[in-house]
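Structure record follows, encoded as structure tokens.
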Amino acid sequence: VTVRITLTGPFPRSEELVGATRDFDRGRISADALEEVYAHAEAEVVEIEKRLGTDRLTAGYLRWPDLFRSIAEGWGGFSVGPVTRWFETNTFFRQPILNAPPERTAGALSARLPPSLHKEGAGRSLVVLPGPYTLAGLLDNRSGETAQALVHRLGRLFAEEVRELKGKGFATFEWVEPLLVYQPPTPTLAESVIAAYEAIGAAAQDSLSLLWTYFGDAAPILPLLARLPVSSVGFDLSETDPASITDRLGGRGLGLGVVDPRTTLSEDPGHIATIVRDLQGRLHPPSIWLGPGAPLDLLAAEPAARKLHVLAAARDALSTTRRVE
Amino acid sequence: VTAPLFPAQEIGSLMKPRWQLLGQRGAPLDDAAKIDFERWDRTLGFSHDSPDAARALLAGRNREASPEAVRDLGALFALRLFEAAGLRRVYDGEARRIEMYEYPIRQMHGFQFVGHVRSFDNKYYLKAANTDEVRLKAPYHIEEFDFVRRHATAEPKLPVTGAYTLADWSYNEHYLGRQAGWKGRKERREAQRELIHAIARHALRPTLAALIERGCRVIQIDEPAAGTHPGEGDLVAEGFNVATEGLDAEFTMHICFSDYRNLFPALLEAKRCRQWAWEFANRDRDGRDGYEVLNVLREYKDPREVGLGVTDVHRDDLESAELVADRIRRAVKILDDPRRIWVNPDCGLRTRSLDVASAKLKVMVEGAAVARADFERPRA
């Protein structure tokens, strides 16, 4: 089995970009000057990704203010709401407010993807999107739709999005679903989650789809995860005990969040390799993706880059072992 | 003599006036900044305690209006603004502080700043990693307290960032690194407990002791991170207890924008905390539902004072005195004792303009007077 490494969401902004966004907000630099810094910062992330051999490029999603803003600003029915805590972290997102049933706007999401991804080639890129359950659960629903109907509808809209993005050459999609494990759905709502992913799965045929969970223990919902038609399921191993992953997940690939962005403490690649080998031996997944347990932008840029190096070292340790064997 | 019901207090920071920012940078004041200075000075008379610095600042004589002198003027301004609004307890609007995390952490050994982390949008904070045993360089906030004590006419209440928040906003390397094996939730929590205790024991407590030694009688421990992890009320209480152990002062705890219920009953163990100063107005609607969470104190028969957030610090809309009074009435109904209630803004007013902040504080005091009339009216 090939072991790949991937990001699970945004990479932190560089100190230079932090300064530039502040300067722009204070009217000290122009939009063009800010754009130059963005382009440079994205190129730096792409360079790190290429050097370390991440399987798909992300360019760090540096321009995204949060996971939901591209939807809240790009689709119909939404407005952008108050600053809201992002799970158990000291980071925040602006809560999307759904004022009417959501409507997809063609081209809106594609236009908000990092420009570097279009430049580097859609086929080599990772499209990161909020999962329908997490989006439905964290928005302020004033649309009158029930939670079940909303999850299902968002699944259908994301399916249309996938079709459009596939048409532009994108072939790998990551669905970010922390709420699935932080606040698992009721049985009724779980059926809507399955229906949403079935719609997405039908659209995503012949492409790779990773569903990544974090900020909670996934063990209690393994049976649900095994029913979702995605290529791989990702776990935050700082929250989910690797020993508790006993389900083969219907032959799906494994995403393993083996570095923890909640601490600057560096993980040991050898220790990671041991854990991965154990899971590999027990579950025989068709593919393994090593990633951060949660998005690396919980860290500053320099320690985040160190975590990426740990991922690459762990992958290399596993590859070396395999060759020796 | 019984003290009047519903005394008013502030919670934390005020926006720094533009003349202070310019003056501290050594930049000359433009006309707008001068007009603003003079307008507030006519109302508050804050420059009376430092007339030379004020004259020098307005005249652009930077050598005489040193950054320190301008900063002192900023502190006097905030003090007088609070006092003019009619607050019983005041501080300096945190005129000397940039923020509430970086400064205290810089007063300690055992931390290294690792870079900026995004809070939201284009807002960031400089975050440190705890890499070694925590040791205090020197007690902090001393100079600012001395200044406030010398100049305040109302009672000073000093805000200090709590150990739980300082630990939660830092990366934990040193103590987590000592935990053997895989670092799961259990290991992270244990390491966090060690860091909280270390900050509380080795940095916060000696600082509080030094402040008390200099005459500080009322100290507000700020724990804005308290609600971040729902199951960690015990750690918040432990940090508070270790920091205040054996100290003789009146301690309050400020928490905001959190689900307070998640902290109970564990938070009850913060025995030396005399007052919970919480945000409510932000979540309040017509039915006064924002105050329902006070029932948690009733359920646990907790008799402590409440610093009642009656003013929303995230909106410019001015509450009416009647709305403030209604919020107080609702709280009295739940707590069943008007003597337990202080009134305050939900949090620091630094995000509001100074005009809005001043107006909100005045309405708060007026609203308290309206409610007071209800409860102090002689009964037939």
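Below, chains carry the letters A, B, ... as their sequence lines are ordered, and counting in each starts from 1.
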Using a strict threshold of under 4.0 Å (side-chain N to carboxylate O), is an ion pair present between [Y] and [X]?
X        : Y        : answer
B/Lys183 : B/Glu190 : no
A/Asp297 : A/Arg13  : no
A/Asp260 : A/Arg262 : yes

- [ ] Give a yes/no verdict on a cation-pi contact between A/Arg63 and A/Tyr38, requiring under 6.0 Å between NZ or CZ and the six-membered ring centre and an angle within 45° of the axis.
- [x] yes
Between [options], which has the largest tally of heavy atom pairs under 4.5 Å with chain A?
options                                : value
B/Lys123, B/Arg185, B/Lys127           : B/Arg185
B/Gly115, B/Ser119, B/Gly177           : B/Ser119
B/Asn130, B/Asn122, B/Val114           : B/Asn122
B/Leu176, B/Leu126, B/Asn172           : B/Leu176
B/Tyr171, B/Tyr125, B/Phe257, B/Trp169 : B/Tyr171
B/Pro230, B/Gly184, B/Ala225           : B/Pro230

Using non-hydrogen atoms and a 4.5 Å limit, figure out which bit of [X] sits close to chain B: side chain, backbone, both or neither.
X        : result
A/Val18  : both
A/Pro303 : side chain
A/Thr89  : backbone
A/Leu298 : backbone
A/Pro261 : backbone
A/Asp25  : side chain
A/Trp86  : neither
A/Arg69  : side chain

Max heavy-atom pair count under 4.5 Å with chain B, selected residue of [options]:
options                     : result
A/His271, A/Glu267, A/Glu15 : A/Glu15
A/Thr91, A/Asp268, A/Asn90  : A/Asn90
A/Asp236, A/Thr264, A/Thr21 : A/Thr264

Indicate yes or no for a side-chain donor-acceptor contact from [X] to the backbone of [Y] under 3.5 Å, with no hydrogens or angles considered.
X        : Y        : result
B/Gln192 : B/Ala167 : yes
A/Arg112 : A/Trp64  : no
B/Gln179 : B/Tyr175 : no

- [ ] Report yes or no: do B/Glu94 and B/Tyr103 form a side-chain donor-acceptor pair below 3.5 Å?
- [x] no
Task: Aromatic contact, A/Phe215 with A/Tyr182 (centres under 6.0 Å) - done: no
Task: Pair A/Phe93 + A/Phe68: ring centers closer than 6.0 Å - done: yes
Open item on the list: Let's go through A/Arg306 and A/Glu302 carefully: what are the C-alpha distance in whole Å and the side-chain angles of both, what is the deciding distance for salt bridge (charged side-chain N to carboxylate O under 4.0 Å, His left out) to 0.1 Å, and is it a yes or a no?
Closed with: CA-CA 7 Å; A/Arg306 270 192 278 131; A/Glu302 194 273 327; 3.2 Å; yes
